[in-house]
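Quick note: numbers below take in every heavy atom, side chains included, and nothing from hydrogens, waters or symmetry partners. Chain naming here is simple, since letters A, B, ... match the order of the sequence lines and numbering starts at 1 in each.
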Amino acid sequence: MTNITLTVNGKSVSRDIPDETLLSEFLREHLRLTGTHVGCDTSQCGACVVHVDGKAAKSCTTLAVALDGAQVTTIEGLANGDLHPMQEAFTEHHGLQCGFCTPGMIMASVDIVNRYKAEGRTLTEKAIRHELEGNICRCTGYHNIVKAVESAAAKM
Amino acid sequence: MSVARSLPHDAAALHVTGTARYVDDIPAPAGCLHLAFGLSNIAHGTLTALDLSAVRATPGVVAVFGPDDLSPMPDCSPSAHDEPLLGGPAISYLGQPIFLVVADSHLAARKAARLGQASYDEKPALLTIDAALAANSRFEDGPRIWEKGDAASAIAAAPHVVEGVMEIGGQEHFYLEGQAALALPQEGGDMVVQSSTQHPTEIQHKVADALGVPMHAVRVETRRMGGGFGGKESQGNALAIACALAARATGRPCKMRYDRDDDMVITGKRHDFSIAYRAGFDDEGRVAGVEFVQYARCGWAQDLSLPVADRAMLHADNAYELPTARIESHRLKTHTQSATAFRGFGGPQGMVGIERVMDHIAHHLGQDPLAVRRRNFYASGGDISAKKKAAGTTPYGMAVEDFELHEMVAALEGSSDYAARRAAVADWNAANPVLKKGLALTPVKFGISFTLTHLNQAGALVHVYQDGSIHLNHGGTEMGQGLFQKVAQVAASSFGVPMAAVKITATDTGKVPNTSATAASSGSDLNGMAVKVACDTIRDRIAAHLAETHQTVPRRVHFADGRVFVGDADLSFAEAARSAYEARISLSATGFYKTPKLDWDRIAGRGRPFFYFAYGAAVTEVVLDTLTGENRMLRCDILHDAGASLNPALDIGQVEGGFVQGAGWLTTEELVWDDSGRLRTHAPSTYKIPACSDRPAVFNVALWDGENSEETIYRSKAVGEPPLILGISALMALSDAVAACGAPYPALDAPATPERLLAAIDRVRA
Ligand code: FES
Ligand code: FES
């Protein structure tokens, strides 16, 4: 057992947890933030993406004890009063069907747009497709997801 | 009217904020236990000993059940009572559950499940179609055979003949949310089950059987699934039964979810097929007769294999009128996962067979495959109603009266610029020795209805509360397809109220009983109609009441824009509901619907199994690197028929997703078993699902502007399964690219992985 203190969605949380606790498990089981989904447990589907210190991370393969002092944002913490432009765009452009991939897609997409903006690069359609390689969606065929990211990027 | 509008998915706001709940997200009561299965390590044999002492000794383990601890052994089968919850003594596939661990955490249960010590008397396993055929290992006594005319004589008399065999691989569903169930024990031995299932009634039935209680003692609720695709029609039974048994034994809530690897190793997939064909045709490619022998690898248990194999036979014609045909179907029993429902339910495999025949004929004659396909189309529905042509009949004797593909294909040919691109592809291939392009247009005609006729029924329950808000419930389940939203649009239209007035509620066997699986694309057809009946009943009661109080007649009462207009008076829907309540009018109603016109004899292979057909067509262009077999889809244009769509945005989403899933099945998604029967592709690391960059660079999808000629809900058409089959165009485009490498026919098998493409290139270059 190790005590960790970290900030999740703006709130400080402190817990004693077994050392092998994965971040996904910590969020889902200990904090009951079940918007972070687990689709593969092996870092391949992207359903579990959250932000750690502002960068996208796959929470199914991140150990929670390694994050003492970190800032974690999950899908539940993305909206700041109003929906985030990415959340609005996924709704408006029908970028979801079963919705299971959606939280991870949105968190990954926000990170992509932020990175490109910070580096002053233009986010092309091709770049979006390439950047989203690590997020599987079995339902939509991705077309509307790419449209949503393009539209949100213009507003972010 | 709320119908025919592109509203977002009903739960979009919940999904984008991470607050939509799947089974594993439902807050479980304190003391909830977690389950995992221990799995067999051999594909076929006898379990001679099972030492579970290390499992029992693992910290956190509360109970362990082996095959000897359950008597009678519960059955999980949706059909033939041939699926014991736990294998043993007979072991039927590698990955079969043989014991059940109940522990205080998911991880503890999984870890303990690895510690069982099993000894086996191993026997040779039948893993392939050939092995099963040689051993005559099959479901049903012998092959099922349907015939139209004398195909053998027609082929013998035809000027040209092609023949061949095609392998078509299976497909893993990879619903992003794995199988999951949660059982909550109630007073008096009752059980409530939350299940990620397309078929709550089946879960209720199987859990009741396993517990030895009547169905009324079990209630099953399903709010949503994180994808289903057929994989949650029967494959959730084992988890629900296991949870219910453990909940009864321990008195505590019990939850089970399969991790991805377990899910892929334990559950059934799409049937892989081998199809042998022989076709006779004239100089124009017009078919005189076809013979198909379809071999389906069904796995260890019957599950839904008989109707799946039937549907493959029923789609052996796809869009083509076959003057004579003989279709023979073998349902082979092997020591592998029990193949199950998967979007299209055997139909896609049957259609790949005839599309291969069309492609082969065109290649043989050196003609454009589209021209050959067209010459073989059924007569146009327009020509039939104008009495210019007689309706053709399918090999099972059903008249095809609503055929739209002449018009749809002409429109798509124009919008996709097919002719110019065909020429451009030829020019490119003449100039480029390494990168070859291919282009193909393939049509889809898919029969809508369950072929087990009694399943074509649905129920609904609707309440209007005195404040005018509406509670909507029906037997369909939501797996992302947007069914709940479409049906809510129907309800809102009936009452003339805004969507916000309608509360969509979880599928619940306590509200609507005896439902069919949400399958066969029938969800909105069946449930939309049942809901409309219920809503119209209540609306008519309100109208009769208001007519009386306002001294007019019911037909002068109108419901629109959240208001009710009675003659010259005008009140809000809430006021109308309140008035009816105070007049002691019932504001609750059930609705029921059964599909008309069906009449089907599956043994004879005669009759009308389908209410109507759904149509579509796709043109796909690919580029293939002939040195590596790597390839890309450059462009895809689709025109799909959703009738008068209830929600065009949701329907287009189904078409896009279906196409990508179908193209994945036929190109990158390869399942590999080793010689011991172990599935080697049991995670996304080894099993290649289309990713974001795999979809076509240019992707134009449109809905055909038409309406269903049959009286379906607002004249819409089912749209769940048919678009998957548009993916055949990707396979045929690859075949076309390979054909550019040499004279012989490519005879490309599916999935057309780079390895298979290279082998085909070698063949045509030889
Ligand atoms: S669950 Fe983390 S990547 Fe799939
Ligand atoms: S919406 Fe179902 S996996 Fe993406």
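B:Leu483 does not touch chain A: none of its heavy atoms, backbone or side chain, sits under 4.5 Å away. Contact of A:Asn144 with chain B is made through backbone and side chain together, with heavy-atom distances under 4.5 Å. Proximity to chain A is limited to the side chain of B:Phe229, based on heavy atoms less than 4.5 angstrom apart. B:Pro27 touches chain A through backbone and side chain together, each having a heavy atom under 4.5 Å away. The parts of A:Ile136 that come within reach of chain B are both its backbone and its side chain, each placing non-hydrogen atoms under 4.5 angstrom from that chain. Neither the backbone nor the side chain of B:Ala663 comes within less than 4.5 Å of any heavy atom in chain A. Contact annotation for B:Val16: both backbone and side-chain heavy atoms come within less than 4.5 Å of a heavy atom of chain A. In this structure, the portions of A:Thr91 lying under 4.5 Å from any heavy atom of chain B include both its backbone and its side chain. With a 4.5 Å cut-off on non-hydrogen atoms, A:Glu92 does not touch chain B at all.
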For this session: Carefully, step by step, assess B:Thr17 and A:Leu83 under the rule side-chain contact (heavy atoms from CB on, under 4.5 Å).
Result: CA-CA 8 Å; B:Thr17 51; A:Leu83 287 184; 3.5 Å; yes

Exercise. Hey, mind stepping through B:His173 and A:Arg138 against side-chain contact (heavy atoms from CB on, under 4.5 Å) and telling me if it holds?
Worked result: CA-CA 9 Å; B:His173 302 85; A:Arg138 190 53 152 165; 5.9 Å; no

Exercise. Would A:Val146 and B:Cys692 satisfy side-chain contact (heavy atoms from CB on, under 4.5 Å), going step by step from the backbone distance to the final call?
Worked result: CA-CA 8 Å; A:Val146 174; B:Cys692 197; 3.6 Å; yes

For this session: Check step by step if side-chain contact (heavy atoms from CB on, under 4.5 Å) holds for A:His37 and B:Asp25.
Result: CA-CA 9 Å; A:His37 297 150; B:Asp25 304 338; 3.8 Å; yes

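In this structure, CZ on B:Arg695 lies 9.5 Å from CD1 on A:Ile145, to the nearest 0.5 angstrom.
Interface with chain B: from residues 68-76 of chain A, residues A:Ile75, A:Glu76 qualify, criterion being any non-hydrogen pair under 4.5 Å.
In terms of modelled atom types and a separation under 3.5 Å, the side chain of B:Arg260 and the main chain of A:Gly39 share a donor-acceptor contact. In this structure, A:Tyr142 contributes its side chain and B:Pro690 its backbone to a donor-acceptor pair below 3.5 Å. Remark: side-chain polar atoms of B:Glu177 are not paired, donor with acceptor, to backbone N or O of A:Phe100 under 3.5 angstrom. Checking side-chain atoms of B:Glu656 against main-chain N and O of A:Gly141 turns up no donor-acceptor pair under 3.5 Å.
Summarising the geometry of B:Ser693 relative to A:Glu133, their closest heavy-atom pair is OG-OE1, 2.6 Å, with the distance given to 0.1 Å.
Within the 4.5 Å cutoff, no side-chain heavy atoms of B:Val701 are placed close to those of A:His143.
For A:Asn80, the CG atom counts as loosely surrounded, since its 6.0 Å shell holds 12 or fewer non-hydrogen atoms of other residues, nucleotides or ligands.
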